[in-house]
Amino acid sequence: MGGTLVLRIEDTDQKRNTEEAVQVIYDGLRWLGLDWNEGPQMGGNYGPYFQSQRNDLYEKHLKTLQDKGVVYEDEGSIRYRSPRQPVTVRDMVCGTITFDRAMEPDMTIRRPDGSWIFHFVNVVDDIEMKITHVLRGEDHLSNTPKHIELYNALGFEPPNFAHIPLILNRDGSKMSKRDDGASISTYIEQGYSPEAVRNYLCLLGWSPKDNREVIGIDEVVSLFDLEKINRRNAAFDLDKCFWINGQYIHTMEMDRFADLSIPFIEKAGIQFGSREQLLPVLTIVKEKIKLFRDVPEWISYFFTEDFAYDEASVEKNLRKPGALEHLAALQEAFGSVSAWDAATIEAKLKETAVARGAKTGELIHPTRVAASGRSVGPSLYHMLEVLGKNRVLARMEKTIKQFGAVA
RNA sequence: GACCCUAUCGUCCAGCGGUUAGGACACCGCCCUUUCACGGCGGUAACACGGGUUCGAAUCCCGUUAGGGUCGCCA
């Protein structure tokens, strides 16, 4: 379909107009990959792109209405006199709807202090910016007849309208700015990947019709069709968004994974040295990650000897008859190997287990706790390989000393 | 209250006159497995209700009910 995406900041209400609020809009849009072609920071031929700076335009169109005698003053405000004739909205999603306007009150278009009301400036801007398609939430469907009246009074053809379903909370209530999931910043903070969130959002009110859930934006764009938009409001399901995020991480390129992980790792204060030193670690934990926020927790012990031993893991795996003896034997066996790769480590561990008449798991679990302080982590053999022989032997030594004394 | 929109598993979607009503998330089993995940297999679970139309309705029409929206000198 193509088209030009115009970003316009509707800041006619000075009370709510703050720089942070605008920044949040820029950040959220950019993060989602919804870069605008025309608007603030991008320029364009129909600026300025802040309504607060377009007063001349509004004055100009107000004059048109005054000349036609369809506005009047009411307690200092300016109001538009509705013709009170039926208005038919031809909506690309909702179809043709005729509103009987007979009882409608006249709308205010300008306050006594000179500031403008949304409906009027919106119509003026859409005219001036040559907007062809107005796609907006269904909450505006009932406002559309008012807008059409304004287009007519101003002497312009209304654009195409498409009203799309709203997003509700999980309990069916209307989602507002402060509800869970409503703000893009929470996805950024929690470590969702932008492509996953965008994918999830695309599935609300639309689908590729073939039961696929994970679908790239390029394909969404090529398959998208306003006719296929649902008319039913959708409830936001964070669980599913979370799942889709996991799917994206699963198939993500390592470099992309690193790019998205690093901000969280740095924020956690982990000194990982260079990206080259970090990559092997990320490679073996990637399949465990569901949210980038969790990355630091999964990799911390790779970059410090000062890690804590999880008490429950110690209890379960180290304070068991024979555990430390197995560990000591394995430490010795590891010390004798020349190569240090996952395959060698695995072979040596299994060989040691057999020699000691123990099950593989009886060596694996204590070793994991000795090397990482915890019982959950990536594949043990790969973990030991990445950790390096010297550090592994030292950690085993330390563990035996620390827990042997009290055993 | 008036007007508008909507109505399939708990949730998101598929279905567009004839299906054992399908997929996904979540949930519950089992399998895989060095942990945790991934993955695989299976299961629970829905056409809001009442009238029509039709040989036949989840699908079409009407009503009821329910939910959402608009009716601002908010956007």
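Just so it is clear: chains get the letters A, B, ... in the order the sequence lines come, proteins before strands, and each one is counted from 1. In this text the structure is predicted, and so the values were computed from the model without any measurement.
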*Asks:* Is a donor on one side and an acceptor on the other found under 3.5 Å between the side chain of A:Thr186 and the backbone of A:Ala182?
*Replies:* no

*Asks:* Before accepting this row, confirm whether a basic side-chain N of the pair A:Arg79/A:Asp74 lies closer than 4.0 Å to the acidic partner's carboxylate O.
*Replies:* yes

*Asks:* Under a 4.5 Å cut-off applied to non-hydrogen side-chain atoms, are A:Cys202 and A:Ile217 in contact?
*Replies:* yes

*Asks:* Examine B:U6: is either OP1 or OP2 under 4.0 Å from a nitrogen or oxygen in the side chain of A:Arg231? Give yes or no.
*Replies:* yes

*Asks:* Phosphate oxygens OP1/OP2 of B:U34: is one of them under 4.0 Å from a side-chain N or O of A:Thr360?
*Replies:* no

*Asks:* Taking N and O atoms by type only, does the side chain of A:Ser379 place a donor or acceptor under 3.5 Å from a partner on the base of B:U35?
*Replies:* no

*Asks:* On the nucleotide B:C73, are OP1 or OP2 found under 4.0 Å from the side-chain N or O atoms that A:Ser77 carries?
*Replies:* no

*Asks:* Give the nucleotide from the list B:C36, B:C38, B:C5 with an atom nearest to the side chain of A:Ile97.
*Replies:* B:C5

*Asks:* Verify, without hydrogens or angle tests, whether A:Lys286 (side chain) and A:His250 (backbone) share a donor-acceptor contact under 3.5 angstrom.
*Replies:* yes

*Asks:* Compare side-chain N and O positions of A:Gln51 against OP1 and OP2 of B:C74 and report whether any pair is under 4.0 Å apart.
*Replies:* no

*Asks:* Any side-chain N or O of A:Asn143 less than 4.0 Å from the OP1 or OP2 oxygen of B:C4?
*Replies:* no

*Asks:* It should be established whether A:Thr367 places a side-chain nitrogen or oxygen under 4.0 Å from OP1 or OP2 of nucleotide B:U34.
*Replies:* no

*Asks:* Hey, does A:Phe99 reach any base, or is it just sugar-phosphate, or nothing, if we go heavy atoms under 4.0 Å?
*Replies:* sugar-phosphate

*Asks:* Give a yes/no on whether any side-chain N or O of A:Arg111 is located under 4.0 angstrom from OP1 or OP2 of B:C74.
*Replies:* yes

